[in-house]
Undergrad: 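What follows is a structure written as structure tokens; I'll ask about it next.
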There are 2 protein chains.
Amino acid sequence: MNDRHEQWQAAERLALTLTEGGLQRMAARTLAVFLFTDAETVTMGDIADQLGVSAGSVSGSVKSLLSVGLIERLPAPGSRREHYRLREDAWATLFSTQNTVVQLMLQAAETSIATTAANDPAHRRLSQMRDFYQFLFQEIPTLLHRWQQHQATRPG
Amino acid sequence: MNDRHEQWQAAERLALTLTEGGLQRMAARTLAVFLFTDAETVTMGDIADQLGVSAGSVSGSVKSLLSVGLIERLPAPGSRREHYRLREDAWATLFSTQNTVVQLMLQAAETSIATTAANDPAHRRLSQMRDFYQFLFQEIPTLLHRWQQHQATRPG
DNA sequence: GGAAGGGTTCAGAAAGTTCTGAAGATTCGC
DNA sequence: GCGAATCTTCAGAACTTTCTGAACCCTTCC
């Protein structure tokens, strides 16, 4: 149940799944380190050691994970190394990020509709597309709100 | 408002957005043809002409769009060419397909938790991940049900 | 039943993505 | 301020994905 090798395999498998979800390969592997480490925080050196990759790769991955808000830099306690950790709301954040696609789809549908005449079959098809993404777009805040409530009932 | 060139640009832009959403490039461009055509159905030849790509590419794209249920083959009325069109529930289908990732995440989290001890910080992090995706997984059917109701109130 | 159009497949070319390694920038400790 | 450790950047190598083109198969029509 607590075997290091087994745990490592699970981490790499999870990284592959994260890749399916849209993250870049190295960013996914880096995130897996943040999830599986038994320390509270990690440094870039830790990540490079754990994954056996170059410092350059780690730098790029950490930068991208920071930019989407999945990890955070901790106020360095007088150390030379920067410490990072997974953010508490990482998963809700990841979900929200992925849903910017919904916005893009909605916008694309709307501008496309504007290029069609009302009696064109394309007008009807694009309107259906717009309606669906408009619906989704409305529902996302509701969904995240329900998640917060759900969390409140089962406090960590 | 009905300029062919403008419409074509919109189609290609929409195709790029679909690519962001996880579709392959050529499949996305093909889907754009299905959306923007002023005919009720299209043939593979139509698509190849419109996009200026090889018959091989079109064959592959159409196959993949069929497999995920975004388009359908029509009962051919004694013609040599196969006719296809966008399915009515294409967008809900696309959304559902993309949410298989949620299932994969949930499974990955669960198997990962099994490799950690209860007092390991990783255990807590992975549990948070599982809780979120379990929540999402529960909510998807509800969401699609609400979409159907929403559609019923505004009939096409 | 044979010819021709339409569709499929797949090897290889083209394009795109990702990682490394090395050089440069930055920051902390002294 | 100087030196050392850490981090960043970026050109190019390695790898992956995607598209084409040509050969092959299947079906329709005469």
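In what follows, chains carry the letters A, B, and so on, assigned in the order in which the sequence lines appear, proteins first and then strands, with residues in each chain numbered from 1.
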Undergrad: How long is the straight-line distance from CG of B/Leu86 back to OG1 of B/Thr37, given to the nearest 0.5 Å?
TA: 11.0 Å
Undergrad: Output yes when a side-chain donor or acceptor of A/Asp46 lies under 3.5 Å from a complementary backbone atom of A/Thr43, and no otherwise.
TA: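 Judged by distance alone, yes, a pair lies under 3.5 Å.
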Undergrad: For residues 126-139 of chain B, which residue pairs pass the salt bridge (Lys or Arg N to Asp or Glu O under 4.0 Å) check, not counting sequence neighbours?
TA: A/Arg146-B/Glu139
Undergrad: If we ignore hydrogens and angles and just use 3.5 Å, is the side chain of A/Thr30 paired with the main-chain N or O of A/Met26 as donor and acceptor?
TA: yes
Undergrad: Hey, could you give me each pair passing side-chain hydrogen bond (donor to acceptor under 3.5 Å, both in side chains) that has a residue in residues 11-21 of chain B? Not counting sequence neighbours.
TA: B/Glu12-B/Arg29
Undergrad: Near DNA chain C, which residues from residues 19-51 of chain A have a heavy atom under 4.0 Å away?
TA: A/Gln24, A/Arg25, A/Met26
Undergrad: Taking salt bridge (charged side-chain N to carboxylate O under 4.0 Å, His left out) as the test, write out the residues that go with B/Asp89, two or more places apart.
TA: B/Arg87
Undergrad: Give me, pair by pair, the N or O atoms of the protein and of nucleotides 2-4 of chain D that are less than 3.5 Å apart, along with how far apart they are.
TA:
none

Undergrad: In whole Å, I'd like the distance from the CZ atom of B/Arg73 to the P atom of C/dG7.
TA: 9 Å
Undergrad: Can you name the one residue among B/Arg125, B/His123, B/Arg124 that meets side chain to side chain donor-acceptor pair (under 3.5 Å) with B/Thr116?
TA: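 Only one option passes, and that is B/His123.
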Undergrad: Please list, pair by pair, any protein nitrogen or oxygen found under 3.5 Å from a nitrogen or oxygen in nucleotides 9-14 of chain D.
TA:
residue, atom, partner, partner atom, Å
D/dT9, OP2, A/Lys63, NZ, 3.3

Undergrad: Looking at residues at least two apart in the chain, or sitting in another chain, which of them share a salt bridge (charged side-chain N to carboxylate O under 4.0 Å, His left out) with B/Glu110?
TA: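 Salt bridge (charged side-chain N to carboxylate O under 4.0 Å, His left out) check on B/Glu110 returns nothing, list empty.
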Undergrad: For a quick check of understanding: with a heavy-atom distance under 4.0 Å over all strands, which category does B/Val53 fall into, base, sugar-phosphate or nothing?
TA: sugar-phosphate
Undergrad: Starting from P on C/dC28, measure out to NE2 on A/His83 and report it in whole angstrom.
TA: 13 Å
Undergrad: Between C1' on C/dG7 and CG on B/Leu66, what's the gap in Å once rounded to a whole number?
TA: 13 Å
Undergrad: Restricting to pairs with a member in residues 7-63 of chain A, which pass ring pair (Phe, Tyr, Trp, His ring centres under 6.0 Å), not counting sequence neighbours?
TA: none
Undergrad: Does B/Glu82 CD have over 12 foreign heavy atoms under 6.0 Å away?
TA: yes
Undergrad: So, using side chain to side chain contact (heavy atoms under 4.5 Å, CB included) as the criterion, who are the partners of B/Gln103 when residues are at least two apart?
TA: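 Side chain to side chain contact (heavy atoms under 4.5 Å, CB included) check on B/Gln103 returns B/Gln107, B/Phe137.
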Undergrad: Could you note down all residue pairs passing side-chain hydrogen bond (donor to acceptor under 3.5 Å, both in side chains) where residues 58-72 of chain B supplies at least one of them, sequence neighbours left out?
TA: B/Glu72-B/Arg85
Undergrad: Can you give me the bend angle of the helix from C/dG1-D/dC30 to C/dC30-D/dG1? Use the axis through the first five pairs and the one through the last five, nearest 10 degrees.
TA: 30°
Undergrad: Quick one: list whatever passes ring-ring contact (aromatic ring centres under 6.0 Å, His included) with B/Trp147, sequence neighbours left out.
TA: A/Phe132, A/Phe135, B/His150
